[in-house]
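These notes concern the structure reproduced below.
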Amino acid sequence: MGGYSEVVSFKAKILLKDIKFFIGFETLIKEARPLRINSFDMVNFKHIFITEYSVELGNFVKGSFNSTIYYTKELSITGAIIDDYNESAFNKFGVKGLLL
């Protein structure tokens, strides 16, 4: 990507109210556009350009909490963190809210 970039790798469990949102997430990864990311230890939103992505084999696991039904799946992501990405030109969908 040129210059200095911070590369991160992590495993995550996604929580979805509807499985169809996962298809949209995978489509965005295939488009090779940076996605917004947030975690508990980040002060500001950042963007990640995903370079490696894998999903566990098998079906989504259905669960519920406080009468809310959700589906979970484990995934692994590796990518470069981008601090000054201009997201206004692209889709606003991000990783925020999907990853635990």
Side-chain angles (χ1 to χ4, degrees):
M1 297 192 58
Y4 172 78
S5 63
E6 180 182 358
V7 176
V8 296
S9 293
F10 57 91
K11 291 187 178 200
K13 181 182 286 189
I14 58 171
L15 302 175
L16 300 170
K17 289 178 75 173
D18 192 330
I19 296 173
K20 69 182 176 187
F21 293 122
F22 186 71
I23 296 167
F25 175 68
E26 286 193 317
T27 300
L28 289 173
I29 291 173
K30 291 175 186 174
E31 289 177 358
R33 293 183 181 175
L35 300 176
R36 191 172 63 188
I37 186 171
N38 188 20
S39 71
F40 295 118
D41 61 344
M42 287 183 181
V43 176
N44 298 315
F45 291 110
K46 295 190 180 194
H47 289 83
I48 184 169
F49 182 79
I50 297 172
T51 56
E52 294 180 35
Y53 164 75
S54 64
V55 180
E56 73 175 4
L57 293 177
N59 296 328
F60 280 86
V61 176
K62 185 176 180 179
S64 66
F65 182 72
N66 288 340
S67 301
T68 301
I69 296 173
Y70 59 90
Y71 299 89
T72 64
K73 194 160 190 84
E74 299 274 339
L75 52 91
S76 297
I77 292 177
T78 299
I81 298 295
I82 302 169
D83 289 324
D84 57 354
Y85 177 70
N86 179 6
E87 74 178 293
S88 63
F90 296 102
N91 191 324
K92 299 268 186 199
F93 183 89
V95 176
K96 178 190 175 249
L98 293 179
L99 303 180
L100 291 178

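For reference, positions follow the sequence shown, starting with 1. Quantities reported herein were computed from a predicted structural model and do not represent experimental measurements.
Under a hydrophobic clustering in which Ile, Leu, Val, Met, Phe, Trp and Tyr are joined whenever their side-chain heavy atoms come within less than 4.5 Å, directly or via other members, Val61 and Phe25 fall into different clusters.
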Please report the C-alpha distance between Phe10 and Ile48 in whole Å, then the side-chain angles of each, then the deciding distance to 0.1 Å, and finally whether the side chain to side chain contact (heavy atoms under 4.5 Å, CB included) criterion is met. CA-CA 12 Å; Phe10 57 91; Ile48 184 169; 4.0 Å; yes
Step-by-step side chain to side chain contact (heavy atoms under 4.5 Å, CB included) determination, Ile77 to Val8: CA-CA 8 Å; Ile77 292 177; Val8 296; over 6 Å; no
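Summarising the geometry, atom CD1 belonging to Ile69 is positioned 14.0 Å from atom CG belonging to Leu16; distances are rounded to the nearest 0.5 Å. With rounding to the nearest 0.5 angstrom, the CZ atom of Arg33 is 8.0 Å from the CG atom of Leu28. In this structure, Lys46 NZ and Glu6 CD are separated by 5.5 Å, a value rounded to the nearest 0.5 Å.
Among pairs with a residue in residues 70-82, those fulfilling side-chain hydrogen bond (donor to acceptor under 3.5 Å, both in side chains) read Ser9-Thr78, at least two apart in sequence or across chains. The salt bridge (Lys or Arg N to Asp or Glu O under 4.0 Å) contacts involving residues 56-65 comprise nothing, where partners must be two or more places apart or lie in separate chains.
Residues satisfying the side-chain contact (heavy atoms from CB on, under 4.5 Å) test with Asp18, not counting sequence neighbours, are Lys20, Phe21. Applying the salt bridge (charged side-chain N to carboxylate O under 4.0 Å, His left out) rule to Glu26 yields no partners; only residues at least two apart in sequence or on another chain are considered. Take Phe22 and apply the ring pair (Phe, Tyr, Trp, His ring centres under 6.0 Å) test, not counting sequence neighbours, and it matches Phe60.
Closest of all the heavy-atom pairs between Ile82 and Pro34 is CD1-CG, 3.8 Å. Looking at every heavy atom in both residues, Ala32 comes nearest to Phe49 through O-CE1, 3.2 Å.
A side-chain donor-acceptor contact under 3.5 Å links Thr27 to the backbone of Ile23.
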